[in-house]
Amino acid sequence: MKERNLILAIDVGTTNCKAAVINKSGQILKLAVKPVSLISPWKGWFEICPNKLWSDICCLIRTVSANFKDQILTFGISVQRNTFITWNKVTGEYLHNFITWMDKRSSKMCSEWNDGYLKNMAQWVTWILGSLCGSHRMLCASTFSVKDNAIPMRLKWVITNNKKAAQLLKSKELCFGTIETWLIWKLTRGRTWATEFSCASSTGIFDIWSQSWSSLMTYLFGIPVEMLPEVRPSNANFGKVDKSLGFGFSVPITGVLGDQQASIFGNLLYDVGNVKLTLGTIISCNINTGRETHPTSNTIYPLIGWKLKGEEPFFIAEFFAGNGGKALDWTVTSGLVKSISEIDSVARQVPNSDGVIFVPAFNGIEVPLKDAFAETSLCGITFNTKTSHIVRAVLESQVFLSCHVLKFIFQYYSKPPEIVVDGGISRSSFILESLVQLSSVNVQKSECVDGSLIGAALLAGLGAGLYQSLTDIKSSVMLDFKLITQDSKFADDQMRDNHEKWHISVDKCVHWSNRLA
């Protein structure tokens with residue numbers, strides 16, 4: 001009989017859903033991918049059909065496990081965060097599609113709440129208390145504002161506008177869950193209704209200091225704690241994959257993480273001060289702050305990276321920049337290029353963008369000015385503008401966003417000699433070479449673009465006893481990195497000039513929808 005020493009992991013991302021069988025060395029033995037189908041019934045609404053997602057996940061699991069059923073030891077899960085669904089606790093009936101983290105239906109409610117007296121008074125009080133007693137917790141609270149990519153206001157929208165949800169809320173039969181909670185519930189056939197600390201900390205209704213659902217936030221937004229799932233350690237046992245699902249194996253789920261945290265874990269960034277820049281569907285930056293949180297601005301968020309059984313959590317600081325991969329996808333859907341793979345070569349056909357500036361704001365813009373109503377813009381087009389100039393401007397926009405992230409975050413944290421970069425966009429040598437030049441930071445490019453998938457697998461292996469510690473993982477797993485240093489001449493003077501103009505162009509994009517209303 002073959003030894004059970006392999007891990008099956010699922011990563012439900014924003015663009016793709018992946019499944020893989022992974023060995024103890026972190027090598028992917030079998031990988032399968034399906035695109036995540038987004039539904040947009042109204043402008044600014046972004047949903048996922050749960051039945052379609054479940055069907056795709058089951059298909060992926062069967063595909064990758066076919067030749068390894070008797071070798072799979074455990075199961076790991078990584079998910080896009082803050083995408084949620086509600087259902088009937090008794091019947092299991094869904095009340096609506098998944099409402100994704102990109103959804104803007106609650107934007108107006110967020111704006112009204114953020115402009116309200118209660119929020120402003122709370123900020124002043126917590127700032128005064130934080131300044132007097134030096135409390136990180138109070139200082140973080142003083143920067144709090146409601147955002148539509150967090151859950152509170154979108155969930156309040158559901159409770160307010162969905163009659164069935166309101167009825168079940170009164171009868172205490174309403175279940176809430178983000179994707180990992182729903183997936184665990186489905187895989188265990190309803191035996192486990194739980195989330196884990198990294199995913200919970202991202203919701204906006206979880207207190208990372210008390211490590212429990214926030215009584216204040218649930219009170220402010222009318223969210224009964226009874227409708228929220230149990231929170232378990234990241235490498236806890238979440239129950240077994242049920243035999244009746246017909247996968248041919250029944251193993252415990254012993255590792256669950258949010259996708260950003262899973263990517264940090266999968267890239268072995270376990271030391272304080274490790275920095276990872278993710279160039280994916282969105283551009284974000286994460287810093288491992290160890291066992292402590294740090295005072296932050298209102299655009300850097302302290303979150304739980306992971307919490308292992310019997311230990312205090314590891315924390316991270318997270319900064320979101322905005323649209324990443326969507327901008328590159330647009331070059332394909334608009335007909336500028338035939339496929340993503342040729343973007344670099346098209347951009348290199350010209351020495352510079354000839355003054356063309358692109359601002360990616362397909363889902364609003366985070367920085368430098370946070371605005372859910374911003375619109376994408378293309379400026380500086382002349383009679384001589386070619387397709388290659390526009391494509392190059394799109395790639396440059398990713399460099400400019402990334403540089404802004406790094407410049408901002410290093411005002412609060414020590415600048416390391418190098419950072420790790422991963423995500424689908426990191427395949428672009430143009431972007432990475434230009435990033436190194438403009439940011440003056442060396443880059444370690446992770447050769448594994450499935451960091452979240454690997455992270456979920458490694459954590460599950462730790463939970464199942466395949467690894468004994470984080471140190472054991474680092475000594476067992478083989479990862480490849482490519483060092484990119486400041487010796488490229490790609491970022492020319494024209495690009496530096498465009499960088500300045502880009503900030504001006506961003507200012508022109510904000511509140512665009514409101515101006516036309």
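One-based numbering along the sequence shown.
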Undergrad: Nearest 0.5 Å, please: how far is CG in Asn288 from CZ in Phe314?
TA: 6.5 Å

Undergrad: What is the minimum heavy-atom distance between Val64 and Leu31, and which atoms define it?
TA: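 Between these two residues, the closest heavy atoms are CG1-C, 4.0 Å.
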
Undergrad: Side chains of Lys508 and Ser377 only: does a donor on one sit below 3.5 Å from an acceptor on the other?
TA: no

Undergrad: Ignoring hydrogens and angles, tell me if any N or O in the side chain of Ser263 forms a donor-acceptor pair with the backbone of Gln260 under 3.5 Å.
TA: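 Checking the backbone N and O of Gln260 against the side chain of Ser263, no donor-acceptor pair under 3.5 Å is found.
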
Undergrad: Are the side chain of Asn114 and the backbone of Cys110 linked by a donor-acceptor contact shorter than 3.5 Å?
TA: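 Yes.
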
Undergrad: Ser284 side chain to Phe320 main-chain N or O, any donor-acceptor pair under 3.5 Å?
TA: no

Undergrad: Judged by modelled atom types alone, do Asn82 and Ser202 share a side-chain donor-acceptor pair under 3.5 Å?
TA: no

Undergrad: Apply the test side chain to side chain contact (heavy atoms under 4.5 Å, CB included) to residues Cys448 and Asp480: give CA-CA distance (whole Å), side-chain angles for both, the deciding distance (0.1 Å), then the verdict.
TA: CA-CA 7 Å; Cys448 176; Asp480 293 324; over 6 Å; no

Undergrad: Taking His404 for the side chain and Leu401 for the main chain, is one N or O donor matched with an acceptor at less than 3.5 Å?
TA: no

Undergrad: Search all heavy atoms of Ser65 against all heavy atoms of Leu8 and return the closest pair with its distance.
TA: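 Looking at all heavy atoms of both residues, the closest pair is CB-CD1, 3.7 Å.
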
Undergrad: Do Ile419 and Val443 touch side chain to side chain, with heavy atoms closer than 4.5 Å?
TA: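 Ile419 reaches Val443 side chain to side chain.
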
Undergrad: Looking only at heavy atoms, what is the nearest atom pair of Cys17 and Val36, with distance?
TA: N-CG2, 3.7 Å

Undergrad: Within a strict 4.5 Å, meaning less than it, do heavy atoms of the Ser78 and Ile10 side chains meet?
TA: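 No, side chains not in contact.
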
Undergrad: Any donor-acceptor pair under 3.5 Å linking the side chain of Ser198 with the backbone of Gly258?
TA: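 Such a contact is found between Ser198 side chain and Gly258 backbone.
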
Undergrad: Check whether the side chains of Thr278 and Asp422 place a donor and an acceptor atom closer than 3.5 Å, and report yes or no.
TA: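 Side chains of Thr278 and Asp422: pair found under 3.5 Å.
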
Undergrad: Less than 4.0 angstrom from a charged side-chain N to a carboxylate O is my criterion; do Lys52 and Glu47 meet it?
TA: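 No, no charged N to carboxylate O under 4.0 Å.
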
Undergrad: Could you tell me whether Glu433 and Arg348 make a salt bridge, using a distance below 4.0 angstrom between a side-chain N and a carboxylate O?
TA: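 Salt bridge between Glu433 and Arg348, a charged N being under 4.0 Å from a carboxylate O: yes.
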
Undergrad: Are Asn67 and Val21 close enough, and set up right, to give a side chain to side chain contact (heavy atoms under 4.5 Å, CB included), and what steps lead you there?
TA: CA-CA 10 Å; Asn67 297 324; Val21 171; over 6 Å; no

Undergrad: So, Lys18 and Asp450, do they make that salt bridge, N to O below 4.0 Å?
TA: yes

Undergrad: Which heavy atom of Ala393 sits nearest to which heavy atom of Phe358, and what is that distance?
TA: O-CB, 3.8 Å

Undergrad: Identify whether NZ of Lys or CZ of Arg in Lys307 sits under 6.0 Å from the centre of the six-membered ring of Phe206 and within 45° of that ring's axis.
TA: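 That pair does not qualify as a cation-pi contact.
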
Undergrad: Please tell me if the side chains of Ile28 and Ile454 come closer than 4.5 Å, counting only heavy atoms from C-beta onward.
TA: yes

Undergrad: Is the closest side-chain heavy-atom distance between Ile264 and Asn274 below 4.5 Å?
TA: no

Undergrad: Using side-chain heavy atoms (C-beta onward) and a distance below 4.5 Å, is Phe315 in contact with Pro302?
TA: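 They are not in side-chain contact.
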
Undergrad: Kindly compute the distance separating NZ (Lys24) from CD1 (Ile7), expressed to the nearest 0.5 Å.
TA: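 If we round to the nearest 0.5 Å, Lys24:NZ and Ile7:CD1 are 9.5 Å apart.
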
Undergrad: I'd like to know if the side chain of Arg427 reaches the main chain of Ser341, judged simply by a donor and an acceptor atom lying under 3.5 Å from each other, with no hydrogens or angles considered.
TA: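 Looks like no, no N/O pair under 3.5 Å.
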
Undergrad: Under the side chain to side chain contact (heavy atoms under 4.5 Å, CB included) criterion, do Phe400 and Asn498 qualify, and how do the steps go?
TA: CA-CA 9 Å; Phe400 301 155; Asn498 284 354; 3.9 Å; yes

Undergrad: Main chain of Asp103, side chain of Arg154: is a donor-acceptor contact present, judged purely on distance under 3.5 Å?
TA: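 Flag not set: sc Arg154 to bb Asp103 has no pair under 3.5 Å.
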
Undergrad: Could I get the full list of salt bridge (charged side-chain N to carboxylate O under 4.0 Å, His left out) partners for Glu342, not counting sequence neighbours?
TA: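 Not a single residue meets the salt bridge (charged side-chain N to carboxylate O under 4.0 Å, His left out) criterion with Glu342.
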
Undergrad: Measure up the Phe362 and Trp330 rings against each other and bin them: parallel (under 30°), tilted (30 to 60°), perpendicular (over 60°).
TA: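 Phe362 and Trp330: tilted rings.
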
Undergrad: Is Val241 close to Ile253 at the side-chain level, that is, under 4.5 Å between some pair of heavy atoms?
TA: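 When only atoms from C-beta onward are counted, Val241 and Ile253 do touch, with a gap below 4.5 Å.
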
Undergrad: Where does the angle between the aromatic ring planes of Tyr270 and Phe265 fall among parallel (under 30°), tilted (30 to 60°) and perpendicular (over 60°)?
TA: tilted

Undergrad: Write down the atom of Lys338, the atom of Val332, and the distance for their closest heavy-atom approach.
TA: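 The answer is O-CG1, 3.8 Å.
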
Undergrad: Distance check, rounded to the nearest 0.5 Å: Ile343 atom CD1 versus Ser388 atom OG?
TA: 13.0 Å

Undergrad: Where do Thr331 and Leu395 land on the side chain to side chain contact (heavy atoms under 4.5 Å, CB included) test, with the steps shown first?
TA: CA-CA 10 Å; Thr331 63; Leu395 294 189; over 6 Å; no

Undergrad: Under a 3.5 Å distance rule, please check whether Ser55 uses its side chain to pair with a backbone N or O of Asn51 as donor and acceptor.
TA: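 Answer holds: no.
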
Undergrad: Restricting to side-chain hydrogen bond (donor to acceptor under 3.5 Å, both in side chains), what partner residues turn up for Lys501, sequence neighbours left out?
TA: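 Counting only residues at least two positions away or on another chain, Lys501 forms a side-chain hydrogen bond (donor to acceptor under 3.5 Å, both in side chains) with Asp497.
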
Undergrad: Does atom NZ of Lys474 have more than 12 heavy-atom neighbours, drawn from other residues, nucleotides or ligands, at distances under 6.0 Å?
TA: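 Above 12, so yes.
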
Undergrad: Taking C-beta and beyond as the side chain, do Phe176 and Ile151 meet within less than 4.5 Å on heavy atoms?
TA: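 When only atoms from C-beta onward are counted, Ile151 and Phe176 do touch, with a gap below 4.5 Å.
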
Undergrad: Nearest 0.5 Å please: distance from the CZ atom of Phe98 over to the CD1 atom of Ile85.
TA: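 Here the interatomic distance stands at 4.5 Å.
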
Undergrad: Using 0.5 Å steps for rounding, measure from the CG atom of Leu435 to the CD1 atom of Ile484.
TA: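 If I round to the nearest 0.5 Å, the distance is 8.5 Å.
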
Undergrad: Go through the side-chain N and O atoms of Gln437 and Arg496 and say whether any donor and acceptor fall under 3.5 Å apart.
TA: no

Undergrad: According to the interplanar angle, ranging from 0 to 90°, do the rings of Trp54 and Trp182 count as parallel (below 30°), tilted (30 to 60°) or perpendicular (above 60°)?
TA: perpendicular

Undergrad: Could you check Ser428 against Asp344 for side-chain hydrogen bond (donor to acceptor under 3.5 Å, both in side chains), going step by step and ending with a plain yes or no?
TA: CA-CA 6 Å; Ser428 168; Asp344 262 31; 2.6 Å; yes

Undergrad: Is there a donor-acceptor pair closer than 3.5 Å between any side-chain N or O of Asn267 and the backbone N or O of Leu269?
TA: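 Such a contact is absent between Asn267 side chain and Leu269 backbone.
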
Undergrad: Do you know the tightest heavy-atom contact between Ser426 and Val421?
TA: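 Closest heavy-atom pair between Ser426 and Val421: CB-CG1, 3.9 Å.
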
Undergrad: Should the pair Tyr412 and Phe408 be assigned to parallel (<30°), tilted (30 to 60°) or perpendicular (>60°) ring geometry?
TA: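 Ring orientation, 0 to 90° scale: tilted.
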
Undergrad: Is there a donor-acceptor contact under 3.5 Å linking the side chains of Ser452 and Asp259?
TA: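 On atom types as modelled, these side chains do not qualify, holding no pair under 3.5 Å.
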
Undergrad: Give a yes or no answer on whether the side chain of Ser353 reaches the backbone of Val356 with a donor-acceptor pair at less than 3.5 Å.
TA: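 Here the side-chain-to-backbone pair exists.
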
Undergrad: For the residue pair Ile48 and Gln80, establish whether any side-chain heavy-atom pair is separated by less than 4.5 Å.
TA: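 Touching, per the 4.5 Å side-chain cut-off.
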
Undergrad: Can you tell me how far CD1 of Ile381 sits from NE2 of His389, rounded to the nearest 0.5 angstrom?
TA: 11.5 Å

